[in-house]
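Per chain, numbering begins at 1; letters A, B, ... match sequence-line order.
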Number of protein chains: 2
Amino acid sequence: MKDVAAEAGVSIAAASKVLHGRGSNIRVSPEKAESIQTAARDLNYVPNALAQSMRLGRTGAVGLVFENFGRISGGPLFYIHLFDGVVGELFPKGYRLTVFPEVDPLSPLGIVSDGSVDGVVWCKMPETPEFTEAAKQSPVPIIALNSRPPESPDHVTYVSCDNLGGSSLMVEHLTSLGHERILFAMEKREERTPDALSRLAGFQAACHRMRVPFEPDRDVVVWSQDAAELPFWLKERPPHTAIFAWNEGFGASVLRQLLACGVRVPDEMSVAGFDSTQFCDALTPTLTAVRQPILEMASYATRLLMEQIAFGRDSRSPDVIFPCTVDVRQSTGPAPLKRRSASAGS
Amino acid sequence: MKDVAAEAGVSIAAASKVLHGRGSNIRVSPEKAESIQTAARDLNYVPNALAQSMRLGRTGAVGLVFENFGRISGGPLFYIHLFDGVVGELFPKGYRLTVFPEVDPLSPLGIVSDGSVDGVVWCKMPETPEFTEAAKQSPVPIIALNSRPPESPDHVTYVSCDNLGGSSLMVEHLTSLGHERILFAMEKREERTPDALSRLAGFQAACHRMRVPFEPDRDVVVWSQDAAELPFWLKERPPHTAIFAWNEGFGASVLRQLLACGVRVPDEMSVAGFDSTQFCDALTPTLTAVRQPILEMASYATRLLMEQIAFGRDSRSPDVIFPCTVDVRQSTGPAPLKRRSASAGS
DNA sequence: GTGAAAGCGCTAACAC
DNA sequence: GTGTTAGCGCTTTCAC
């Protein structure tokens, strides 16, 4: 910019005014303005975004944080829809997206308050004290893409899907097929996440309502990511005729293990998952799953964030919960007759 | 930082040295250092990344540019593998990733020289004069993920797959199945991209080599994204028994249109695509496709970029071309024996 | 209308 | 060892 000013024979200030000044204060003679413009073009002047951000206190970038940042491809498409939703809102408004490497769980504040972004969409924000504290101290707004943890203070807006309702719908689907004992399968890594827990809670509540037996010891399992424990579980001849996996990727593991054990799905065992995406269609058999409208959720969260960036965090909006639906595919079917009690017809 | 220094009763410079100074120059008494550390912790001090970047002349962020930024989900998984490859290299080294909104085709320099990234991975960099010029002027290294345009100067390192070889392999696969006339189907939007053109070139060369007839007017079509023109093409009872689509997403469109027209794949018509991903497995029938190792390519490109960032652009490496392979799936099969007389259709 | 000057938060050379 | 200082590139107030 110094060069541009020199080239045009004016002060740096004048150049700045002409090149970036907002309407009212331009106050520069037309000729000078003209020559500044040409000089800038000739010199291929590009304003330094860093300096500009520093001075202006806004960066034009939004951060996206999702832990769990292994390979996205090959796994569930959840993150891809998330990404699409965020980007789809951000880019038309000229924002950039910055994706962060894994956050230090002990000082998560760093990413959010180092001044490099105007706000953050945080997917599955952990609910440890460190994160709660970080959220409070954060100088920029945060939208979390998960359910609000119980009693968490009001520093963050939560956008989530109705995990409880989604689980209920699936239990209703399964009972309507005649299943009378359903296993809820969780994944060790994610056992304590808000999403996993609320899906389990929804499952439990629905079991009670639908008069399906529920004993935590027998009807909930926590397996490793590839469900390697499933064969051993099968050996005990459990009474269950359906397995409800906490998410789609894990549902795929369950499917794979069952097939490896020679169990026919859905004839002998029905399998269902959570997070219905293109991925569920790619499995054999295709996987029945609860659909959470993640793309819409991500879009909405991003819009909310941009709003809070524009109007200040005081404009904080109430949490939003999106309803879930069930996509029925091949992996669920009528409960096998032999296992059904006399009361069931058909 | 001012606050930290004040709290610890030392100068700002001392604080800076202790908190970020590199080994040799620390020269601060242990007690002061100690009190600075505690003060920083107490105040939840987080260094301002912007100021730091500005001063140091490096940002710790790498840019990723891919035009064509519609919805990724639902389309080919090419971009997801790309993303994974880039992120997989970047994050372990502590780099951030900044994804840019669409680049102004008339002044593409902006994104690359506004100081906000240390380097750029540019997927399918257009080869207009503007972009060539921008690449030359760019203050940061650029790695392009596509073939080198003919005679382009040496400002950019190109990482690409062997589009020509990939096309050849597919033609060989099809001829080995007895196909004697193959249609190459391109997509209007992408008709002029280097990738599309080199795939076509490879197709043409292979046709000659394999003695498959090739007339540009009859054996190459340019259709809209959803291949809506296919039914009309079918009506003319073309002699082709196989269609080779320029990419996977377009291959899916072709498949869909054929199904809608009641043409059985692969019994009556074989279909093949380019870019073999999980997506090809999700189709019915699954799509035979050329596999370009995009994840590896992206990883490699990213490593190259980080190297050039670290050692200067002079360390520029030669272009790299990755070989392709063919993933045979359900959509290709033996050529129908009596195609001409027994053609089904309407 | 115009430009000198302060300062965003940080680092490094240099003088004490 | 320690603090003072200049300056990264930009914007904006304010005196001229």
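- Between A:F100 and B:F91, the distance separating the two ring centers is not shorter than 6.0 angstrom.
- For A:N48, counting side-chain heavy atoms from C-beta on, the closest listed nucleotide (D:dG9, C:dG3, C:dC10) is D:dG9.
- Listed candidates were D:dT4, D:dC10, C:dG3. Nearest to the side chain of A:M1 is D:dC10.
- B:K124 forms no cation-pi arrangement with B:Y158, by the criterion of a distance under 6.0 Å to the ring centre and an angle within 45° of the ring axis.
- If you take CD1 of A:I36 and C1' of D:dC10, they are 15 Å apart, rounded to a whole angstrom.
- For the pair B:K17 NZ and C:dC10 P, the computed distance is 16 Å after rounding to whole Å.
- The side chain of A:M54 sits closest to C:dC8 out of C:dC8, C:dA13, C:dT2.
- Close to C:dC10, at under 4.0 Å from its OP1 or OP2, lies a side-chain N or O of B:Y45.
- Counting non-hydrogen atoms of other residues, nucleotides and ligands closer than 6.0 Å to CD1 of B:I321 gives a total of 12 or fewer.
- Atom CG in A:L56 sits roughly 12 Å away from atom P in D:dC10 (whole-Å rounding).
- Separating the CG atom of B:D114 from the P atom of D:dG9 is a distance of 13 Å, rounded to the nearest angstrom.
- Among all heavy-atom pairs drawn from B:M125 and B:F131, the shortest one is CG-CD2, 4.1 Å.
- Within the nucleic acid shown, B:K2 has no heavy atom closer than 4.0 Å to any nucleic acid atom.
- A straight line from CD of A:Q52 to P of D:dC8 spans 17 Å, rounded to a whole angstrom.
- Side-chain proximity of A:S29 to the nucleotides D:dC10, C:dT2, D:dT2 is greatest for C:dT2.
- The separation between B:L19 atom CG and C:dG9 atom P is 16 Å, rounded to whole Å.
- In this structure, B:Y79 and B:F66 have parallel ring planes: the angle between them is below the 30° cut-off, well short of the 60° mark.
- Note: CD1 (B:I12) to P (C:dG9) measures 10 Å, nearest angstrom.
- Considering only side-chain atoms of B:V10, the nucleotide from D:dG3, D:dG9, C:dC10 that sits closest is D:dG3.
- Straight-line distance from the CG atom of A:L50 to the C1' atom of C:dC8: 12 Å, rounded to whole Å.
- Between B:A14 and B:A51, the residue whose closest nucleotide on DNA chain D is further toward the 5' end is B:A14.
- Here the nucleotide nearest the side chain of B:V28, chosen from D:dT2, D:dG3, D:dC10, is D:dT2.
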